[in-house]
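Lettering follows sequence order; numbering is per chain, from 1. None of these values were measured; they are calculated from a predicted model.
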Number of protein chains: 2
Amino acid sequence: MRARLTASRERIIDAALGVLAEHGYAGCSVAAVAARAGVATGSVYRHFPTKADLFAEVFRTASQREIDAVTRAAAAAEGTAAARIQAVIETFAGRALRSPRLAYALLAEPVDPAVEAQRLVFRRAHATLLAGYIAEGVAGGELPPQNPELTSTAVVGALAEAMVGPLAAGVAGPETIGGLVTVIHRALGVPS
Amino acid sequence: MRARLTASRERIIDAALGVLAEHGYAGCSVAAVAARAGVATGSVYRHFPTKADLFAEVFRTASQREIDAVTRAAAAAEGTAAARIQAVIETFAGRALRSPRLAYALLAEPVDPAVEAQRLVFRRAHATLLAGYIAEGVAGGELPPQNPELTSTAVVGALAEAMVGPLAAGVAGPETIGGLVTVIHRALGVPS
DNA sequence: CCAAGAAATGAATGGTGGTTCAATCCTTGG
DNA sequence: CCAAGGATTGAACCACCATTCATTTCTTGG
């Protein structure tokens, strides 16, 4: 049945996500994913032409979930650029702190070049979202003139580094989020 | 002769750096490095117990060079935190823009976990340097109170992302550096 | 000039893990 | 109930390097 096919495809993606979140990309052999999904190694290849294709999709799915959450939070915030950007930071960081292994995998862990491309899309999507709010803030006079592309890229880098950077263990706690909001608001020129 | 040994060790490191800068870590098979160094594959193992050891040293060497340059530039700048940090940004970014492939390899490219550790040291060293100046600035009243560790980590992330991030091609031009200085100065609370 | 030992060589080895495929098992339309 | 077609299986295959080592080529102290 068609449903069976789709279901096992889903199961494989879920399994891959699970292995990713537990053991990182390094632990993601096709055999391990298949075992977790409860299918044979070879069956993975009925659904995905290549390991890289599988993980490109896994990354796409997981990233989309993150981006959706952030986008929703930003949309729900008050209308100022400062409030929307604060929502982005808090959502992004809050979720990353709740699933650090997954955050590391999505943001920084070594992966195939093909999968790396998806990561860029992920980071890019966050930057684009931020750039929009920054541009609005500039247009409305809430923020000083600046290049929204550059600023948003810098903000994404700052967020990622603070979450998974070398200091992650020492720096990333709940109190980090407030600090990040302050620093980033200052960086954008949000009036105190 | 002893000199011969040291010389060929150097040649191997240089060759590895060359392959790294030209073809990235992915192109760095031991055979490729050996060929470029003009030695046999096996000879690499007279100098380094392991490929990871070789590249740990390559990263250490290259990173030290970067850190030295940045440290020197900062020390030569005027005594304000703002000036020193501006020197760090300009030096870091200027060098990265001049050798983008190497910058990508040092900052972001997928590598062995063993080598990854060196990368963390690299980023950490930059953050520590910045944290010192930020702390001085705070202590001297030039900058508002803040957590220098967090701020410096964020700054390193912002710099790295702006240099090698997804938008690198579109964002990173010489004019980027000035923009980064502005954004980061604002982030630190340097009074305009 | 000559061993003797160190250094260099590069083909062979071994392990890893993605990918394939012949055999088997289901599902389903007749 | 029965083929026929597709889905599933998992062991075998293969490519790709890192690493090794028997052999050859220096270097050097006597």
Side-chain angles (χ1 to χ4, degrees), chain A residues 1-20 22-60 105 109-118, chain B residues 1-20 22-60 105 109-118:
Chain A
M1 215 188 217
R2 197 57 67 84
R4 228 184 193 354
L5 262 201
T6 324
S8 90
R9 189 190 156 89
E10 291 287 298
R11 271 222 315 296
I12 291 168
I13 291 181
D14 280 357
L17 202 52
V19 178
L20 193 64
E22 267 173 37
H23 308 289
Y25 191 75
C28 286
S29 69
V30 173
V33 171
R36 186 179 180 119
V39 301
T41 318
S43 303
V44 171
Y45 287 85
R46 182 154 307 276
H47 300 283
F48 303 93
T50 263
K51 187 195 183 184
D53 286 288
L54 163 58
F55 278 92
E57 174 132 3
V58 169
F59 268 63
R60 215 175 45 64
E109 192 178 20
V111 295
D112 300 13
V115 179
E116 184 80 17
Q118 273 306 315
Chain B
M1 216 191 219
R2 197 55 67 83
R4 228 183 193 355
L5 262 201
T6 323
S8 90
R9 191 190 154 88
E10 293 286 299
R11 270 220 317 295
I12 291 169
I13 292 180
D14 280 358
L17 200 54
V19 179
L20 193 65
E22 268 174 36
H23 309 290
Y25 191 74
C28 285
S29 68
V30 174
V33 170
R36 189 182 177 114
V39 302
T41 318
S43 304
V44 171
Y45 288 84
R46 181 154 306 277
H47 300 283
F48 304 93
T50 262
K51 187 194 184 186
D53 286 288
L54 163 59
F55 278 91
E57 173 132 3
V58 168
F59 268 65
R60 215 176 44 63
E109 191 179 12
V111 295
D112 300 14
V115 178
E116 186 81 17
Q118 272 306 315

Measure NZ/B:Lys51 against P/D:dT20 and give the value in whole Å, please.
15 Å

Less than 4.0 angstrom between a side-chain N/O of A:Thr41 and OP1 or OP2 of D:dG10, yes or no?
no

Begin with the C-alpha distance, continue with both residues' side-chain angles, and end with the deciding distance and a verdict on side-chain contact (heavy atoms from CB on, under 4.5 Å) for A:Tyr25 and A:Val58.
CA-CA 11 Å; A:Tyr25 191 75; A:Val58 169; over 6 Å; no

Choosing from C:dT19, C:dT9, D:dT8, which nucleotide comes nearest the side chain of A:Ser8?
D:dT8

Can you tell me how far C1' of D:dT9 sits from CD1 of A:Ile12, to the nearest Å?
13 Å

Grab the CG-C1' distance between B:Asp53 and D:dA18 for me, whole Å please.
13 Å

In whole Å, I'd like the distance from the CZ atom of A:Phe48 to the P atom of D:dA7.
15 Å

Smallest heavy-atom separation, B:Ala32 atom then B:Gly27 atom, equals CB-O, 3.7 Å

Rounded to whole angstrom units, what separation is found between the OH atom of B:Tyr45 and the P atom of C:dG10?
16 Å

CG of B:Asp112 to CD of B:Gln118: how many Å apart, nearest 0.5 Å?
12.5 Å

If the cut-off is 4.0 Å, is B:Thr50 near the phosphate of D:dT19, judged by side-chain N/O to OP1 or OP2?
yes

Looking only at non-hydrogen atoms, find the nearest pair between B:His47 and B:Ser8 and report the distance.
NE2-OG, 2.9 Å

When the distance from CZ of A:Arg46 to P of C:dG18 is rounded to whole Å, what number comes out?
19 Å

Quick one: A:Arg11 CZ to D:dT8 C1', roughly how many Å, whole number?
12 Å

Value in whole Å for how far the C1' atom of C:dG18 lies from CG of A:Leu54
12 Å

Looking at every strand, decide which applies to B:Ser29 at a 4.0 Å heavy-atom threshold: base, sugar-phosphate, or nothing.
sugar-phosphate

Judged by each residue's nearest nucleotide on DNA chain C, which is more toward the 5′ side, A:Ser43 or A:Ala31?
A:Ala31

